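Numbers restart at 1 for each chain; the letters A, B, ... are given by sequence-line order, proteins then strands. On a predicted model such as this, the values are computed, not experimentally measured, just so you know.
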Amino acid sequence: MNIFADIRVLVISSLEEMTRTGVLPEGLDFANVAVEPPRDAAHGDLATNAAMVLAKPAKMKPRDIADALAGLLAADDRVELAEVAGPGFLNLRLNAQVWTQVVDAVLSNASFGQSNMGAGKKVNVEYVSANPTGPLHVGHTRGAVFGDALASLLDYAGYDVTREYYINDGGAQVDVLARSVYLRYLEAHGQEVAFEDGTYPGDYLIDVGEALKAKVGDEYLGKEEAHWLADIRVFATEAMMDLIRSDLAALGIEMDVFFSEKSLYGTGRIEGALAQLDDQGLIYEGVLEPPKGKKPEDWEPREQTLFKSTDHGDDVDRPVKKSDGSWTYFAPDIAYHFDKVERGFDELIDVFGADHGGYVKRMKAAVSALSAGKVPLDIKLTQLVKLFKNGEPFKMSKRAGTFVTLRDVVEQVGPDVTRFVMLTRKNDAPLDFDFDKVLEQSKDNPVFYVQYACARINSVLRKADEQGIAVDDATLRAALGTDLHEAEVAVAKKLSEWPRQVEIAARTNEPHRIAFYLYDLAADLHALWNRGNDDLALRFIQDGDAATSQAKIALIRAVFIVISAGLGILGVTPAKEMR
RNA sequence: GGUCCGUUAGCUCAGCUGGAUAGAGCGCUGCCCUCCGAAGGCAGAGGCCACACGUUCGAAUCGUGUACGGACCGCCA
């Protein structure tokens, strides 16, 4: 049940009726007619802009349309009052029973809020995709949480979602990894080694060196790189992916697909993807202009193989081959995205860090060309996370060893807090993450505030149960009456917005909207709770009156269900009690 | 030089498909606990949405430009 969608259906059918009876001219487009909550609650429960949107194409005065529409809408038994206001808004006040129905719908239907807007379309969400050269750090964490919540959101909104991780196991950085592991391997054999520039000195490779020793013994000792490099690449990459998988698991993230870059090499798949582009005349040999603003002495013109991405909206053409004939990083990326297109996805989403900003246009250009414009690619960039401790910025440096891993964060504040906090900001806005603040138990802290609402509701349910009041959902539904207090109606109205918020969030690929909605809903719950201090009639448990208690508990139980559903999308566990 | 993102209350941020007096939290002022957890709530003061132009009956929202801030910008992945 989505009251906004339901009433919109009513509005549209009324408009069609008006067309039939000649009030409105034929052929009007109703697509822009919206039914929304009014900005000011005093204006009513719902408002529609129908009259204003249609006034111009119908060549009529907005108020004339609104008056006629109001008459038709008022005939529906859900509508108690329809009045024209302002420049031509039509404000609707709904029958009190509608709000009871909302609560009833939440309690009766586990899928309240779920949507079929996705219509089962296949969408691929690629996220994290960190290089397999070490543990995930805090910068990856935001992309991981964002991508995962977005995937869950789309799933909730009716899409068929695949969560995918692209393993960059084909490039030179894996050679560096392999050499670093080799050093640790020598170390495991008791040799003194030095980690020079261009190797990864991290402690996390010590175990990998030991494991390699356990596996191959002294086979690689004293051998040339050519003898062991390929083997150790594979061994080390697998070890790193195990590490990364366990990091992700600590955050509650599980991928559906791990796609290996290496699998594209030597199989003709890169060549195949580029042949697709070549067939469209989009591949040529050429020399790029020097980038503006760069010093000319740093620049030498070189002939390379280029992709004519400017034909698909990019600013300059992009190299797919280096001047020595080897692939650029872009080439396997093209092949990878071509693979996604060929796997039949209807939509692609890439979640990248902000440092990939320059990559967006070329990737979109490639997908546009490879799918003949049929598969949209949305690229979401996650901005930096600024770390704080006690309000002081906390500088992260790999060299100084103050490198904060995903694991560090999760161990300090827990997965729930990590996830929620990372989602309380738009993905493209920088995020402040203060280790102390996020653990604070006060309303400054949205995680706590929402969890506290859950805890309070559960506290009531426990108390009711102790007093012998049945609180199973069937009983609560049966106890629902239509005489809600205005303060209770406010909460029910907020609940009614849930399906709408889900659709907006899914349409814009913005899971942070869910977090903000939950905060608002929690605020309404806290407000209602406190009203019980002044007005005993608003307390949830009414001594000696089980039926009234159950009717009131039904409402807050519904709040709990919706908060749980929302937290579920964010990947956060609702708290039964605070500790 | 270019691209992308941002600019909304003292601070940190929401704001949908353009619409009626622009919303929250913190901070500030004043209230509310013999009572389901006050780890909370209520009320007040405080922004005309960086600036300009444009589209529109109507712009914080769309477009263009300027200023300021951030990220990025050839064969590094």
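Considering only side-chain N and O atoms, A:Lys380 lies nowhere under 4.0 angstrom from the phosphate OP1 or OP2 of B:C4. Within the 4.0 Å cut-off from OP1 or OP2 of B:A38, at least one side-chain nitrogen or oxygen of A:Arg456 is found.
For residues 318-330 of chain A, every residue pair satisfying the salt bridge (charged side-chain N to carboxylate O under 4.0 Å, His left out) rule, not counting sequence neighbours, is listed here: A:Asp314-A:Arg318. Residues in residues 349-368 of chain A take part in these salt bridge (charged side-chain N to carboxylate O under 4.0 Å, His left out) pairs, two or more places apart or across chains: A:Asp315-A:Lys361, A:Lys340-A:Asp350.
Out of B:A77, B:U3, B:C35, the shortest distance to the side chain of A:Asn131 is found at B:A77.
At a threshold of 4.0 angstrom between heavy atoms, the contacts of A:Lys56 are confined to the sugar-phosphate backbone, with no base atom among them.
Taking 90° from 0 as the syn/anti boundary, the base of B:C35 is oriented anti.
Remark: the separation of the C1' atoms in B:G46 and B:A9 is 6 Å, to the nearest Å. When the P atom is used for both B:C28 and B:C72, the distance is 37 Å, rounded to whole Å. Nucleotides B:G1 and B:C48 have their P atoms positioned 34 Å apart, rounded to a whole Å. Taking atom C1' on both nucleotides, B:C49 is separated from B:C62 by 16 Å, rounded to a whole Å.
For A:Glu466, the salt bridge (charged side-chain N to carboxylate O under 4.0 Å, His left out) criterion is met by no residue, not counting sequence neighbours. With sequence neighbours excluded, no residue forms a ring-ring contact (aromatic ring centres under 6.0 Å, His included) with A:Phe4. Not counting sequence neighbours, A:Phe560 has no partner by the ring-ring contact (aromatic ring centres under 6.0 Å, His included) test.
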What does the B/S/- profile of nucleotides 14-26 of chain B look like, 5' to 3', with a 4.0 Å heavy-atom cutoff to protein? SSBB-BBBS-SSS
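In terms of position along RNA chain B, the nucleotide closest to A:Phe540 lies nearer the 5' end than the nucleotide closest to the other residue of the pair A:Phe540 and A:Gly357.
Between the side chains of A:Asn427 and A:Thr382, no donor-acceptor pair of N or O atoms lies under 3.5 Å.
For A:Asp315 and B:G2, a side-chain-to-base donor-acceptor distance below 3.5 Å is absent, hydrogens and geometry of angles not being considered.
A:Phe258 is listed as a side-chain neighbour of A:Met241, based on a closest heavy-atom distance under 4.5 Å.
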